[in-house]
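Report on the structure given below.
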Protein chains: 2
Amino acid sequence: MPTTRKTRRITIDDVARATGVSRQTVSRAINNKTEIDPETRQRILEAARLMGYRPSRFARGLVRQDVTTLGLVIADVLNPFFPEVTAGVLKAAERREWQVVVYNTGSQRRKELAVVDMIAEQVDVCVAFLLHAEAINRAVDMSMPIVLLDKDGMNPSVPGVRIDFDAGVREGLGHLIDRGHRRIAMLDDEARISAAAPNPRREVYLELASRHGLPVDESWIEPAANSVAGGAAAMERLLEVHPDVTAVFAYNDLIAIGAQRTAVRRGLRVPDDCAFLGCDGLSLSELVEPPLTTLHIDKPRLGELAVEQAAQLVAGAEPHEVPDSVVRPELLLRGST
Amino acid sequence: MPTTRKTRRITIDDVARATGVSRQTVSRAINNKTEIDPETRQRILEAARLMGYRPSRFARGLVRQDVTTLGLVIADVLNPFFPEVTAGVLKAAERREWQVVVYNTGSQRRKELAVVDMIAEQVDVCVAFLLHAEAINRAVDMSMPIVLLDKDGMNPSVPGVRIDFDAGVREGLGHLIDRGHRRIAMLDDEARISAAAPNPRREVYLELASRHGLPVDESWIEPAANSVAGGAAAMERLLEVHPDVTAVFAYNDLIAIGAQRTAVRRGLRVPDDCAFLGCDGLSLSELVEPPLTTLHIDKPRLGELAVEQAAQLVAGAEPHEVPDSVVRPELLLRGST
DNA sequence: ATGAAAGCGCTAACAT
DNA sequence: ATGTTAGCGCTTTCAT
């Protein structure tokens, strides 16, 4: 049972009183200002330490307006895609001495909205992966400076990084088609579907299928939960409907890896019986057997670019003045195709 | 070239002036208080939106002392161990409506110290993975309430979660010895070595080696950078010195996976020619070939326990009054042994 | 080298 | 339903 002592906060005045100096002198001591007697400083610092004094960040922030806090909104820390993006965000933030507050949404509508409300109150600017247009609009409505990770097809008045899936997926699927694949299925992201968010990966898939006259229709698109287990389960369902599938294009690497595992477990040879094409290029994807062919995205760079745009907003630029950045996926040919 | 307009902040007074009401009425409107005419509220809200007004979190925090910010200090977002811990931390923080600020140290002494200085100014309490005793002591010195992730052997006056490697490693190495392995090497973490941090994994390894009369000495311990590539490189070096090694115990799964890849690439059969035992149980480790035998740690729980201890500190408990938590690794037998 | 006064932007408590 | 008065804890500016 934790004791809930309401231990009143120790303030700079307490320290001043205890050391018999004025508040300002204490302030000088703890802020390493020059105009102060070295001995006085020592005495004050010592007393402050003993008393457990810690300056209030709020009081400080109020007067010196120099601390910038960035909100980073991601869907799921457990999907390696986000830690990789986060690495870039942290790096860029560190350079600027910005604080980074992280929020997880699970891509659920309710949580995305709740997180937007939260960040609106707590941060100066934010970089966000948001699937629900409603959540994005809410942020804009609250005058929250926001930069989108994966802005493709989203609210055009909000700056963001565009991942050029169009070119990438065209190249990736072209590769499968060149290899003679016709019965190519897609494992899509069910969260994106249920959020009714723009989905270039799916659109390009359908467009190419039609252009090349592939014998596939929407029944060849199976929604998957965004995880290895989700990909594995989706592949089971797909094989029920289309046991003759020869290649699978997955929404991302996690889903592709799960699907490939199902295939292997079922005794299919990869890539001979069924090939797999992932998307996003997790470092994990070269560790599985066979290593996954994937559309690699430079995720740290994605994060850095977003922070750079955020910096423009902080500097006073209007959202429409901040040009979108673009990241282009790169086809990494490996053993799964 | 971003425009650096110094656009003065819009305050509640600006909104009040623009709408011809008092500051307090604006406050009521934006905080959804009851005692206000619905029409007035609408008018104010509309004006605030148009003006792009956003309440200052500092001013607010100063007066309503109800926002808690937790600093989460990790070594490396790219090591899946930390995202998994982070998942637990975020979950526990969300329940309490705490903000979580993340800092990456790379386990470098300089950065650990810099991060401690930073968090001391910016957060109310922190949960940290710190290798350098100096950094921990600095936090204590600054009266920073802190909880350690992996506190084993660290400053006993600081609360933390203890991972019971002693029992775990005993069981894991016991398993290898039972299988008849004698020439068991260890791939240690070079960052921990250079920080001169306590290392129960290594100690137990040496103790068991001596107790069971294994034909190994310190030359059988090879330091590895904390990554798959690091593990791979360390294994190369190990094989130079001890080509007759039959089992490898790695500091963690990332290193084990890299080492195992080197073995496979060299044509060794795993586990017949060389077995691999990891430590920490990343979800990744069951995706590699062969799946890795490992000492699984419930990392989300580790994070949650730490936050619970942090909550006690926030509630006013003295560090020495907060009992350590313990997480016990569990041996997961898989294909690599 | 130190102190006094002013004020950062907001909300709580008390008027009206 | 709205306005007024006091701070929250700190740093800045200006005295001394």
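Here the structure is a predicted model, which is why all the values come from computation and not from measurement. Lettering of chains follows the sequences in order, A, B, ..., and the numbering in each one begins at 1.
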I need the CG-C1' distance between A:D14 and D:dC10, as an integer number of Å. 13 Å
Specify the separation, in whole Å, of atom CD of A:E121 and atom P of C:dG9. 18 Å
Could you check how far CZ of B:R17 sits from P of C:dG9, rounded to whole Å? 11 Å
Does atom CZ of A:R109 have more than 12 heavy-atom neighbours from other groups under 6.0 Å away? no
Measuring to OP1 and OP2 of C:dC8, would you say a side-chain N or O of B:T11 lies under 4.0 angstrom away? no
Quick check on C:dG3: is either OP1 or OP2 less than 4.0 Å from any side-chain nitrogen or oxygen of A:T25? yes
Check for a donor-acceptor pair, side chain of B:N79 on one end and backbone N or O of B:F81 on the other, with a separation under 3.5 Å. yes
Presence of A:S22 side-chain N/O under 4.0 Å of C:dG3 phosphate oxygens OP1/OP2: yes
How do B:T34 and A:Y53 order along DNA chain D: which one's closest nucleotide is nearer the 5' end? B:T34
Rounded off to whole Å, could you give me the CZ-to-P distance for the A:R28 and C:dA1 pair? 10 Å
Mapping B:F58 and B:Q24 onto DNA chain C by nearest heavy atom, which one lands closer to the 5' end? B:F58
Rounded distance in Å - CZ (B:R57) to P (C:dT11): 15 Å
Roughly how far, to the nearest 0.5 Å, is CG of B:L62 from CZ of A:F58? 8.5 Å
Interatomic distance where CG belongs to A:L62 and P belongs to D:dG7 [whole Å]: 17 Å
Please tell me which of the listed nucleotides, D:dA1, C:dT11, C:dC8, lies nearest to the side chain of A:V63? C:dC8
Quick one: is A:R60 getting a side-chain N or O under 4.0 Å of the D:dT11 phosphate, OP1 or OP2? yes
Whole angstroms only, please: what is the CD1-C1' distance between B:I44 and D:dA1? 11 Å
note: A:D13, atom CG; D:dT11, atom P; distance rounded to Å ~ 11 Å
Quick one: does any side-chain atom of B:R23 pair with a main-chain N or O of B:A16 as donor and acceptor, under 3.5 Å? no
Measuring to OP1 and OP2 of D:dC8, would you say a side-chain N or O of A:S56 lies under 4.0 angstrom away? no
Could you tell me whether the phosphate oxygens of C:dT11, OP1 or OP2, come under 4.0 Å of any side-chain nitrogen or oxygen in B:K33? no
Does C:dC10 have its OP1 or OP2 closer than 4.0 Å to a side-chain nitrogen or oxygen of B:S27? no
Side chain of B:A59 only, heavy atoms from C-beta on: which candidate in C:dG9, C:dT2, D:dG9 is closest? C:dG9
First encountered from the 5' end of DNA chain C, between B:P55 and A:I36: A:I36
Going by distance alone, is a donor N or O of one side chain under 3.5 Å from an acceptor N or O of the other, for A:Q309 and A:S325? yes
Kindly point out which of C:dC10, D:dG3, C:dG3 is positioned nearest to the side chain of A:V21? C:dG3
CG of B:D124 to CZ of A:R54, rounded to nearest 0.5 Å, is 7.0 Å
